[in-house]
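Take a look at the structure below.
Naming convention: chains lettered A, B, ... in sequence-line order (proteins, then strands); numbering from 1 in each chain.
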There are 2 protein chains.
Amino acid sequence: MNEVLVDSSRTLADRVFSRLQDDIVRGVIAPGSKVSETDLAGRYGVSRGPLREAIRRLESRKLLEREVHVGTRVASLSFDDLIEIYHVREALEGLAAGLAARLMTAEEVAGLTELLGQHEQQQDLRHDTAYFQREGDLDFHYRIIQGSHNRTLIRMLIGELYHLVRMYRYQFSTVANRPQKALHEHRRIVEAIEARDAEMAELLMRRHISRARENIEQQAQQRSPQ
Amino acid sequence: MNEVLVDSSRTLADRVFSRLQDDIVRGVIAPGSKVSETDLAGRYGVSRGPLREAIRRLESRKLLEREVHVGTRVASLSFDDLIEIYHVREALEGLAAGLAARLMTAEEVAGLTELLGQHEQQQDLRHDTAYFQREGDLDFHYRIIQGSHNRTLIRMLIGELYHLVRMYRYQFSTVANRPQKALHEHRRIVEAIEARDAEMAELLMRRHISRARENIEQQAQQRSPQ
DNA sequence: TCAATGGTTATTGTCGACAATGGCGCCGGG
DNA sequence: CCCGGCGCCATTGTCGACAATAACCATTGA
């Protein structure tokens, strides 16, 4: 989504890291499956050295789970894990929205407004609905997080949590069943940011993510009603 | 503080990771200084392979900064970085305190109360003040974070942010100049947790960290009054 | 004297091979 | 028939060597 995928730049370990991360997130490699270093090295055409470095980085992002002398397996998120992540998202993205309302530049706000307009148009035309519900939604949040201008916060949300959220969406092919409501909430958040109302922006963002979490909890109950 | 330092367990890369992290946090290796892979390999008596893995992990924790084909240098925190971190801490530890008030077991609450009692005693006797202000303070927060029972939250705070905070404290030899107030705030937080008042615990924790941040901002202004 | 350019050198990036550990299946005994 | 021990094998952990890149310095020209 955001990260550069130019295969001719940087180092080998960096490229295999990007590709492997993408394959994991998109479910090309089945969640929970064991992956052998030798297999992966062959698959990506590199030696085990750079591959191991990529594995270590993905391990610290919780996309891979490693057990010494046993092997590495792709992380498989449970519903509980996802609920935990959403609690953290609520706190962090609430902070981000508040900071964004105070610190976003006029250009950033304009870009955000434009992005939202595009989403609303897509929604009206019933075009590319799946895209909006997946990457489009993340794009919106992505902009606001960047607007916080807090590098630590950006790193934690974009660099760590979002890959897990994306993986989950692919894993359970979650088509958010409340796109209109979500879009409406997005609109109100943007309005708060445009008005530079930090408290309101934070409140609305927290509520927005909180509702998304409740939605997931409902789905979980329906699928496995104990 | 928390991580096992048993040098006879796990893998070489894990051990050199722990030792290197400790040396960086404690300032044994000067912040901002360049570190050569060959030098470090010799220093810890390992090959460059495991060392590189340790470097990658410390890099993703922002304790090391790497530039391809140029070198690795120890991160040196700016005041701005620290302020950013404290904003994130405020959001995350506020969440943690709220969750702790709801989810901590009776044993955990008892242990927390006992820890606080020890700190108050140390404070009264003016014993080991430096310790309280450094590791002791972190111990208190550490317990509450663990009490949140949210693995993602624990990982982000303990696994990532706290090492940076610790490094900063060593780097600027910050002796918190408001230990009595901090201790009093700790007491009130514990009372809220004992009363299972989640909202109050969150509010008090946020205020506690917010005040610590303001304290740092004051110090920064005094040292470099523009 | 200064700047540009070339070579040299130190450092990192990559690779293949060897060592060590844990899992798995076979075999024997109860 | 079941259980425990033993040995093989696959996989990971570690190492040293080679290749590639960028910084540094000296030299030369203006």
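- Between the C1' atom of D:dT12 and the NZ atom of A:Lys34 lies a distance of 13 Å, rounded to the nearest Å.
- A search for salt bridge (Lys or Arg N to Asp or Glu O under 4.0 Å) contacts involving A:Glu108 returns nothing, not counting sequence neighbours.
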Query raised in the report: What string of B, S and - do you get for nucleotides 6-18 of chain C, 5' to 3', when a contact is any protein heavy atom under 4.0 Å?
Result: ------BBBBBB-
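- For A:Glu90, the salt bridge (Lys or Arg N to Asp or Glu O under 4.0 Å) test picks out A:Arg206, A:Arg213, with sequence neighbours left out.
- B:Ser210 pairs by the side chain to side chain donor-acceptor pair (under 3.5 Å) definition with nothing, not counting sequence neighbours.
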Taking only distance into account, with no hydrogens and no angle test, what donor-acceptor pairs under 3.5 Å do side-chain atoms of residues 41-56 of chain B form with protein atoms, sequence neighbours excluded?
from    : atom 1 : to      : atom 2 : distance (Å)
B:Tyr44 : OH     : B:Asp23 : OD2    : 2.6
B:Arg48 : NE     : B:Glu37 : OE1    : 3.1
B:Arg48 : NH2    : B:Glu37 : OE1    : 3.0
B:Arg52 : NE     : A:Glu53 : OE2    : 2.7
B:Arg52 : NH1    : B:Glu37 : OE1    : 3.2
B:Arg52 : NH1    : B:Glu37 : OE2    : 3.1
B:Arg52 : NH2    : A:Glu53 : OE2    : 3.1
B:Glu53 : OE1    : A:Arg56 : NE     : 3.1
B:Glu53 : OE1    : A:Arg56 : NH2    : 3.3
B:Glu53 : OE2    : A:Arg52 : NE     : 2.7
B:Glu53 : OE2    : A:Arg52 : NH2    : 3.1
B:Arg56 : NE     : A:Glu53 : OE1    : 3.1
B:Arg56 : NH1    : B:Arg52 : O      : 3.3
B:Arg56 : NH2    : A:Glu53 : OE1    : 3.2

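- Scanning for salt bridge (Lys or Arg N to Asp or Glu O under 4.0 Å) contacts around B:Arg143 gives an empty result, with sequence neighbours left out.
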